[in-house]
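What follows is a short report on a single structure.
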There are 2 protein chains.
Amino acid sequence: MSREKQVLREYISQNKLKLTEQRELILEAFLSVKGHVTAEELYQIVCKQNPMIGLATVYRTLNLLCECGLVQQRQFGDGQTRYELVQAHHDHLICTKCRKIVEFENEDIEKIQEQIARQHGFIIQTHKHELYGLCSDCQDKEREPLITEKQDFLVY
Amino acid sequence: MSREKQVLREYISQNKLKLTEQRELILEAFLSVKGHVTAEELYQIVCKQNPMIGLATVYRTLNLLCECGLVQQRQFGDGQTRYELVQAHHDHLICTKCRKIVEFENEDIEKIQEQIARQHGFIIQTHKHELYGLCSDCQDKEREPLITEKQDFLVY
DNA sequence: TTAAGTGCAAACCTTTTGCTGCCCC
DNA sequence: GGGGCAGCAAAAGGTTTGCACTTAA
């Protein structure tokens with residue numbers, strides 16, 4: 001059994017919740033896709049295996065998975081929440097044109113963050129670090145000055 | 001006249017838009033509050049001066065201000081969009097308990113970001129960097145392990 | 001047995017849009 | 001004078017919730 005299933009089972013038993021078929025199915029479907037899924041996308045995947053599952057259950061289960069620390073929410077500015085497996089920490093590069101998402105990690109930044117937090121008396125629990133720009137493919141297609149184009153990624 | 005008013009006027013005349021009383025009033029109100037306002041908050045402020053202005057106009061004007069590069073949107077995970085004046089770039093420390101928001105800047109991080117983007121072939125347009133944690137006040141009040149408490153800041 | 005979970009539909013909240021009349025340029 | 005704007009209300013889109021029924025423990 002995967003680590004994630006174990007964590008979920010433990011959280012469920014510790015909190016007097018119940019392990020249902022739906023919850024296991026949704027977790028499995030979530031694990032089967034890598035990356036940053038929306039609730040709707042996950043719902044579509046789950047539906048193929050069990051068309052009886054409702055969107056509300058997907059939302060409720062995703063929130064449960066957040067509560068037990070397996071999943072984190074992200075908002076990349078396109079109006080919907082994306083859910084992501086909590087693994088080794090990483091951050092994101094997002095292309096504002098084609099919406100490609102690239103993950104990156106950088107230890108130096110993590111260290112500086114800790115330092116900044118300490119200076120302000122904070123203890124960091126988590127962080128989000130997103131770089132928005134044009135990926136190499138999209139740079140070639142368009143070279144207009146930033147300020148003149150409608151900045152979709154900020155407008156949502 | 002403030003720099004911001006000038007930028008707005010220029011953007012408006014260049015794009016064959018119109019400078020209305022409402023737009024000027026909303027910009028002024030926006031400038032009068034520092035920090036990270038929601039559309040609703042700004043609407044409340046504007047209403048005190050001119051109760052005839054509608055919420056839709058506030059949204060439309062905020063989007064206009066984003067388009068002309070004066071304002072940026074931010075989502076700190078509490079379910080609503082916040083608008084912030086684009087000034088010297090800075091990032092945010094957010095207390096997950098009392099929701100205090102502290103701004104910070106760090107040149108080293110900016111440099112590393114550029115480097116990371118270059119490695120992935122990206123050209124950065126903007127970025128968001130948010131550290132979530134407990135501020136010094138809230139650390140004293142609560143010292144429970146993270147994983148066992150409901151992570152409100154992630155759930156929204 | 002019974003408290004928690006599910007599906008469904010309705011409610012909610014924030015943000016956008018259609019429309020009609022208005023006003024800046 | 002004409003095209004963009006404002007106000008209003010309705011729509012939209014994502015997420016949550018109330019309810020009656022079902023099911024895990």
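Atom set for the values below is all heavy atoms of this structure, side chains included, hydrogens, waters and symmetry mates excluded. To find a chain, count down the sequence lines: A is the first, B the second, and so on, and within it residues start at 1.
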Using a distance-only criterion (donor-acceptor N/O pair, under 3.5 Å, no hydrogens), is the base of D:dG3 paired with the side chain of B:Lys18? yes

With no angle test and no hydrogens, is the base of D:dG4 tied to the side chain of B:Arg60 by a donor-acceptor pair under 3.5 Å? no

In whole Å, I'd like the distance from the [atom1] atom of [X] to the [atom2] atom of [N].
| X | N | atom1 | atom2 | result |
| --- | --- | --- | --- | --- |
| A:Gln80 | C:dT14 | CD | C1' | 15 Å |
| B:Tyr11 | D:dC5 | OH | P | 10 Å |
| A:Glu24 | D:dT23 | CD | P | 16 Å |
| B:Ile26 | D:dC5 | CD1 | P | 12 Å |
| B:Arg23 | D:dA6 | CZ | C1' | 9 Å |
| B:Tyr43 | C:dC13 | OH | P | 16 Å |
| A:Leu62 | C:dT6 | CG | C1' | 15 Å |
| B:Glu67 | D:dC5 | CD | P | 10 Å |

May I ask you to decide whether A:Lys128 forms a salt bridge with B:Glu130, counting only side-chain N to carboxylate O separations under 4.0 Å? no

State whether A:Arg9 and A:Glu24 are salt-bridged, where the test is any N-O pair (Lys NZ or Arg NE/NH1/NH2 against Asp/Glu carboxylate O) under 4.0 Å. yes

Sub-6.0 Å ring centroid separation between A:His92 and A:Phe76: yes

Determine: side-chain N/O of [X] to OP1/OP2 of [N], distance under 4.0 Å, yes or no.
| X | N | answer |
| --- | --- | --- |
| A:Thr20 | C:dT6 | yes |
| A:Thr57 | C:dG7 | yes |
| A:Tyr59 | D:dT15 | yes |
| A:Gln22 | C:dG7 | yes |
| B:Thr81 | C:dT15 | yes |

Applying side-chain hydrogen bond (donor to acceptor under 3.5 Å, both in side chains) to B:His127 and B:Asp91, what does each step give before you reach the verdict? CA-CA 9 Å; B:His127 75 262; B:Asp91 297 300; 3.2 Å; yes

Measure from the side chain of [X], starting at C-beta and using heavy atoms only, and say which of [options] lies closest.
| X | options | answer |
| --- | --- | --- |
| B:Ile53 | D:dG7, C:dT6, D:dG14 | D:dG7 |
| B:Leu19 | C:dT15, C:dC25, D:dT16 | C:dC25 |
| B:Met52 | D:dC8, C:dT6, D:dA6 | D:dC8 |
| A:Leu55 | D:dA6, C:dA4, D:dT15 | D:dT15 |

Here's a test of your reading of the structure: between B:Leu17 and B:Ala56, which maps to the more 5' nucleotide of DNA chain C? B:Ala56

Any side-chain heavy atom of B:Phe122 sitting closer than 4.5 Å to one from A:Leu134? no

